[in-house]
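Here the structure is laid out as structure tokens; the discussion comes afterwards.
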Amino acid sequence: MDKLAYTIKPLGETGLIIIFGDEINPQIHKNVKNLSDYIDKHPFPGLCEYTISYTSVAVFYNPFTVKNHCVISKEKTAFTIVTGLIKNYIAAAVKMPQAKPHTVEIPVCYGDEYGPDIEFVANYNNLSCTDVINIHSQSTYLVYMIGFCPGFPYLGGMDERIATPRRKEPRLVIPAGSIGIAGKQTGGYPISTPGGWQLIGRTPLNLFDLKASSPSLLHSGDLVKFVPISPEEYQRLKEDKV
Amino acid sequence: MSLKIIRPGLLTSIQDAGRYGYQKIGVLISGAMDTYSMRLANMLVGNDENEGTLEITLLGPTIEFTADTLIAVTGGNFNPIIDGMPVPYMRPVAVKTGAIMKFDSCHTGCRAYLAAAGGFDVNPVMGSKSTYLRANFGGFKGRSLQKNDLLNTGTPHSFGRQMLSALLSRGAQSFAEAKWYIGKTHLSGKILRKPIRVTAGIHYKYFDQQSKYNFFSSEYTVTNNADRMGYRLKGDLLRTENPLEIISEAVGLGTIQVPPQGLPIILMADHQSVAGYPIIAQAIAVDVARIAQMKPNDHIHFKLISNEEGEQLFIEMEKFMENIKIAINAKLQN
């Protein structure tokens, strides 16, 4: 196996960032995911938090705790200690068996009141509304990361035939569950919030539910398929939930 | 019941050390803006130092005590009074049932922390009592405190109970304070006016020479857009040599990013986990607590230090906190 290329840089005195590349692609994501999974399974004393982005993992630590737990090298800085540890983690993570990605099907009621911008998206791309639905629901999307707000997925893999710029006038309220397009991106809103995405449909599922044993429906590394449903099914699923 | 909110003040919310381990599902860390003051308040009443406290912002609340309660107030000075008598900071204070404590607006600093012995009896969400204001969960009903809210306190640690009864046995009218207090802290004296120490950000080298010079030699002013998410500053504009194409990358507490218009933003406790603006610098953790005590129109100077110096200052501060804790525990046990 080729040696994995990466760079490690300090993020102030309490963090460091491991950068695996400079573009958004599934291979770089896999390296990010492998390392973050490994950190999850092997938290070290002094680890506070880590952050996943498209191309990197950032690790935040408490230098005082890190140094207190490292008895053999009092003269080393916490940064040096954590850097050494992370290098070992990366080497070990590469050898770990790859977990099969989890595929999540998200039912979506497209168009009408559920997706008021679907006609705009269709017209903008010289397509029919049915084409937009078919194209959007035929791709498999990769969840690169969850961020912006609890449960909000950054998805990759949208067909560029339905790429559409954001709305000129952002909506003051986007209902929770809305599925939208912004440029070459697609995603879903877990909570009701203002936003400028072109809304093409809505899911009856909760993308984020505090009461669930796993509050976020999606996680970094998951694959997503959107499944078109009728308004009747939407209502039925919505009521089932209650 | 133990505390009843008569007036909530501008923004009073329950905050502890923060909610860690859930950024991977988009959950912010939150937590106290000035974590050192939060920890000191807890230590003074015999709590675990990361217990939930009330974070009080700019305009303080009025609180009625509905049970005898041991409290401590730290951080920015809001001149709190009970029955017209000033309530001293930085020490345990036993407050009697029925007493009404009024916080004024903030005279120095920006945020005060009120700890109650036993902590506040709210359910931790994802391991933390911090209020996540924008997602409406954690703390007290996921929101800042409002008029007529009733807050229960938990069961105090034995030190807290002993201190409460010892202070009340002096026959106080409405409150009684310990004779001892913490003298020197990270906010003492003129420390708030000292430069904010930063390390070079990951995009520092891409800024032009003039911007690097301006950032460290000129004065920045805190704008009215200064809240728990971030502090927007005004002052000399900062530019990168060439436009940078940045894929959204990790940011942390104290990250100083520069949007295209050129004015820096310091990210604070409710910052998001990734952002796409160039990062010029990173404020050290020790000084983030001092930024949290700055308010609109306050001035900031930045000073560049190395990561090693930053780490050393962090460790010294932790040792200082440990020593304070030992001293307080010795006092509480006497």
Hey, which residues of residues 35-46 of chain A are touching chain B, say heavy atoms under 4.5 Å apart?
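Only A:Asp40 of residues 35-46 of chain A have a heavy atom under 4.5 Å from chain B.
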Spell out the residues in residues 142-151 of chain A that have some non-hydrogen atom less than 4.5 Å away from a non-hydrogen atom of chain B, in order of number; otherwise answer 'none'.
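Listed by number: A:Met145, A:Ile146, A:Gly147, A:Cys149, A:Pro150, A:Gly151.
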Contacting region of [X] [heavy-atom separation from chain A under 4.5 Å]:
X: B:Leu313; answer: neither
X: B:Val251; answer: backbone
X: B:Tyr20; answer: both
X: B:Glu322; answer: side chain
X: B:Tyr132; answer: side chain

Assess the side chains of [X] and [Y]: does a donor N or O sit below 3.5 Å from an acceptor N or O?
X: A:Thr65; Y: A:Asn68; answer: no
X: B:Asp121; Y: B:Asn152; answer: no
X: B:Thr53; Y: B:Glu51; answer: no
X: B:Thr255; Y: B:His271; answer: no
X: A:His136; Y: A:Asp159; answer: no
X: B:Glu49; Y: B:Asn42; answer: no
X: A:Ser56; Y: A:Ser53; answer: yes
X: A:Tyr50; Y: B:Gln23; answer: no
X: B:Ser130; Y: B:Asp16; answer: yes

Using 4.0 Å as the upper bound for N to carboxylate O, is an ion pair formed by B:Glu309 and B:Arg197?
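No, this pair does not count.
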A:His29 and A:Tyr54: aromatic ring centres closer than 6.0 Å?
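Ring-ring flag for A:His29/A:Tyr54: false, centres at least 6.0 Å apart.
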Greatest number of heavy atom pairs closer than 4.5 Å to chain A - which of [options]:
options: B:Ile246, B:Ile29, B:Asn136, B:Ile247; value: B:Ile247
options: B:Ala275, B:Ser273, B:Ser306, B:Gly254; value: B:Ser273
options: B:Glu318, B:Lys24, B:Gln282; value: B:Lys24
options: B:Thr199, B:Ile284, B:Val27, B:Ile305; value: B:Ile284
options: B:Glu249, B:Arg134, B:Gln272, B:Met317; value: B:Glu249

Before giving the answer on side-chain contact (heavy atoms from CB on, under 4.5 Å), spell out for B:Val274 and A:Thr51 the whole-Å C-alpha distance, their side-chain angles and the decisive distance to 0.1 Å.
CA-CA 8 Å; B:Val274 294; A:Thr51 301; 4.0 Å; yes
Contacting region of A:Ile17 [heavy-atom separation from chain B under 4.5 Å]
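Only the side chain of A:Ile17 comes within 4.5 Å of chain B.
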Residue part contacting chain B, namely of A:Phe60, when any heavy atom lies under 4.5 Å:
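The answer is the side chain of A:Phe60.
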Tell me, out of A:Thr14, A:Leu210, A:Thr55, A:Ile24, who's got the most heavy-atom pairs with chain B below 4.5 Å.
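Max contact count across the listed options: A:Leu210.
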B:Arg290 backbone acceptor or donor facing B:Asp287 side chain under 3.5 Å
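Here the side-chain-to-backbone pair does not exist.
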Looking at B:Thr35 and B:Ala17, would you say the former's side chain and the latter's main chain have a donor-acceptor pair under 3.5 Å?
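Here the side-chain-to-backbone pair does not exist.
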side-chain contact (heavy atoms from CB on, under 4.5 Å) between A:Leu218 and A:Phe152, worked out
CA-CA 8 Å; A:Leu218 301 172; A:Phe152 185 95; over 6 Å; no
Let's go through B:Arg19 and B:Leu28 carefully: what are the C-alpha distance in whole Å and the side-chain angles of both, what is the deciding distance for side-chain contact (heavy atoms from CB on, under 4.5 Å) to 0.1 Å, and is it a yes or a no?
CA-CA 7 Å; B:Arg19 187 170 282 112; B:Leu28 307 182; over 6 Å; no
